[in-house]
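Okay, structure first, notes after.
Side chains are part of it too, since the values below use all heavy atoms of this structure and drop only hydrogens, waters and symmetry mates. Note that the structure is a prediction, hence the values are computed from the model and not measured.
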Amino acid sequence: MSARTTKLKRISVLCAALTMAATSTTPVSASESPLLAERLREAVVAQNFKDVIDLTPPEPSAPPPEQQDKYDPSPAELASRTRSRTDGTPLHQTPNLDAAVIELDPLGRPKSVANVLLSPQHPNGVIVPVQAPGLSTAQVRYRWWNDREWDLNGGIGTRDVLPGRENAPIDFSSPYPASVLKLLVGFGVLRLADQGRIDLEADYAYTPAPARGACGGPSTKKVRQHFDEMITKSQNESTCALVKLLHDLNAWDHVNQTFADLGMPTLMLTGTIPGNGGSWGGANMSALDTAKLLLLINGGTDVLWTTDNGKPITAAELSPPSRAFFLATLAGQGHNEMLSTPNWCGRDYPSRGIPQQVPARWIEPDGTVTVGDAIYDRDVRPCNDTAEVTFAHKTGWTSTSGSDAGIVKSLPGKAARDYIVVVFGNLGMDYTDTVRPADPPGVFPVLYTQKYAQLGRAIDTIMKAP
């Protein structure tokens, strides 16, 4: 057989295989895509995060700070905080960042997946090996986040998230997820609603004991309203109420075990206070498992992934009404200001991120946006006119956390793309850019370095490419 004949035969076999993959009703085996993973790694590294300014540089001789709760500060607290900080020093090491992308096919099934980690040990990024059919990895030794360890221990954590990973080749401290942890609360509430243990239309009387500042005082609202406020406005008071509701039902151990049983073992919310739903420091989320949770919420035909124990996971883990409600709240997100930045439409800073359409529910008659107590002073209608996608997502921020996780879908007539994106980083409100202008008085401040928005835009450009 000639070399030419052999080559043609190989091409014929390859074309047949591709045709079968394109026409089969069997779920796509969405293991790591080398091309997507490398392009994601390049996009992460291209942001050159090390030229970010650290507003609270580490002081090795200072005593360890008292452990503080990690909540999103209120708009009033944010305004005071950002105005009081005028100087800082260049970041002393590469930040920790966990970025994951799942490309979806037209039926909502995973088509390709990529996960990249950045850290002082991996300043050029490291591609996480993702295994099919579980969309999982055993190659990362995840560590609990600790601000002081990152500052003073070269970014190396000392407490394992999962047992049995001591010999994993990649050692990584997972950035605290901030308010993206509210996805875990939402899943737990809707899971119990599907089991008939929670009625979304029922009033829930929240009576904190003891009271906790970030959680607010007693209130009575429908569970559905608490849920909507928790996701769309990132309202801590409603989150505490729902965390307490799950404690009232003795459900948290079951909810955390459910994440593990469904093949998302890094997702957990532990150590919360049963009497008031506060204290969220025991939250951990990897970007890869968070992307899988969003894959489940988004829905899709067939099996989405298979756990290591052989359990096929489908969208039926949540009922269609529960998934629709969850998606509607994510699509109604008011804080569009991390991977996407349309709330700052028309400003020179921050950069424009994912070209997202702002939900109409937050837009005032003059085109500006008001989300609870958060006031944005920009007319977002021009950006909505040029928007290319919807972004059903949840953001989160603390002093050392910047996070965003959501589902991107192209608008009619725009370049087609359908994907899930999750980014967790430790560059929160304590970090900024040299080019950052002052915030106008009385306006919700820019919370993050604009490099997150630049990364969001870069990822979206990758995902809409042929």
Side-chain angles (χ1 to χ4, degrees), residues 69-75 176-194 198-208 212-249 251-252 255-256 259 267-269 272-274 276-283 285 290 293-294 297 318 321-338 359 361-362 370-374 391-398 401 403-407:
D69 274 338
K70 291 179 175 285
Y71 299 103
D72 301 347
S74 69
Y176 179 69
S179 275
V180 175
L181 68 83
K182 295 168 185 179
L183 296 180
L184 308 182
V185 182
F187 177 85
V189 168
L190 294 179
R191 184 85 169 181
L192 267 63
D194 287 344
I198 289 178
D199 181 358
L200 296 181
E201 306 304 330
D203 286 337
Y204 178 62
Y206 173 63
T207 53
R212 199 171 186 84
C215 293
S219 66
T220 299
K221 299 177 183 177
K222 292 190 183 302
V223 174
R224 180 181 294 273
Q225 182 180 351
H226 280 305
F227 194 111
D228 179 85
E229 292 174 348
M230 173 179 72
I231 299 296
T232 65
K233 298 196 292 185
S234 204
Q235 192 158 300
N236 292 334
E237 295 86 347
S238 288
T239 308
C240 289
L242 294 181
V243 172
K244 183 180 184 301
L245 172 59
L246 291 171
H247 273 298
D248 294 347
L249 298 171
W252 268 114
V255 170
N256 285 323
F259 291 126
L267 304 187
M268 61 188 76
L269 179 56
T272 54
I273 299 172
N276 56 34
S279 187
W280 304 341
M285 304 174 77
T290 303
L293 178 60
L294 288 167
I297 295 167
L318 285 177
S322 287
R323 287 192 297 102
F325 176 51
F326 212 151
L327 282 169
T329 58
L330 292 169
Q333 178 60 240
H335 293 286
N336 305 295
E337 57 205 16
M338 200 259 200
R361 67 182 284 186
W362 308 113
T370 301
V371 184
D373 294 332
F391 189 22
H393 66 127
K394 182 71 195 77
T395 55
W397 60 85
T398 68
S401 307
S403 53
D404 204 350
I407 304 161

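The line from NZ of Lys244 to CG of Leu249 is 10.0 Å long, rounded to the nearest 0.5 Å. Atom CG of Asp228 and atom NZ of Lys221 lie 10.0 Å apart (nearest 0.5 Å). Rounding to the nearest 0.5 angstrom, the gap separating the CE atom in Met268 from the CE atom in Met285 is 11.0 Å.
Looking at Leu183 and Phe326, their side chains come closer than 4.5 Å, going by heavy atoms from C-beta outward. No side-chain heavy atom of Leu246 sits less than 4.5 Å from a side-chain heavy atom of Thr272. Side chains of Tyr206 and Asn276 form a contact here, defined as non-hydrogen atoms less than 4.5 Å apart. With contacts defined as side-chain heavy-atom distances shorter than 4.5 Å, the pair His393/Leu330 does not qualify. Put simply, the side chain of Asp199 does not reach to within 4.5 Å of the side chain of Val223, judged on heavy atoms. The closest side-chain heavy-atom distance from Val255 to Val185 is not below 4.5 Å. Looking at Leu190 and Leu200, their side chains come closer than 4.5 Å, going by heavy atoms from C-beta outward.
Across every non-hydrogen atom of Pro359 and Ala331, the tightest pair is CG-O, 3.2 Å. What you find for Ala251 and Leu192 is that their closest heavy atoms are CB-CD2, 3.6 Å.
In this structure a side-chain-to-backbone donor-acceptor pair under 3.5 Å is present from Lys182 to Ser234. Thr232 places no side-chain N or O within 3.5 Å of a backbone atom of Gly332 that could act as its donor or acceptor partner. Judged by distance alone, with hydrogens and angles left aside, the side-chain atoms of Trp280 form no donor-acceptor pair with the main-chain N or O of Ser179 at under 3.5 Å. Checking side-chain atoms of Glu201 against main-chain N and O of Arg224 turns up no donor-acceptor pair under 3.5 Å. Side-chain atoms of Trp362 never come within 3.5 Å of backbone atoms of His335 as a donor-acceptor pair (strictly under, hydrogens ignored).
Ring orientation note: the planes of His247 and Trp252 are tilted relative to one another, at an angle of 30° to 60°.
When each of Phe227, Phe325, Phe259 is tested with Phe187 by the rule ring-ring contact (aromatic ring centres under 6.0 Å, His included), just one qualifies, namely Phe259.
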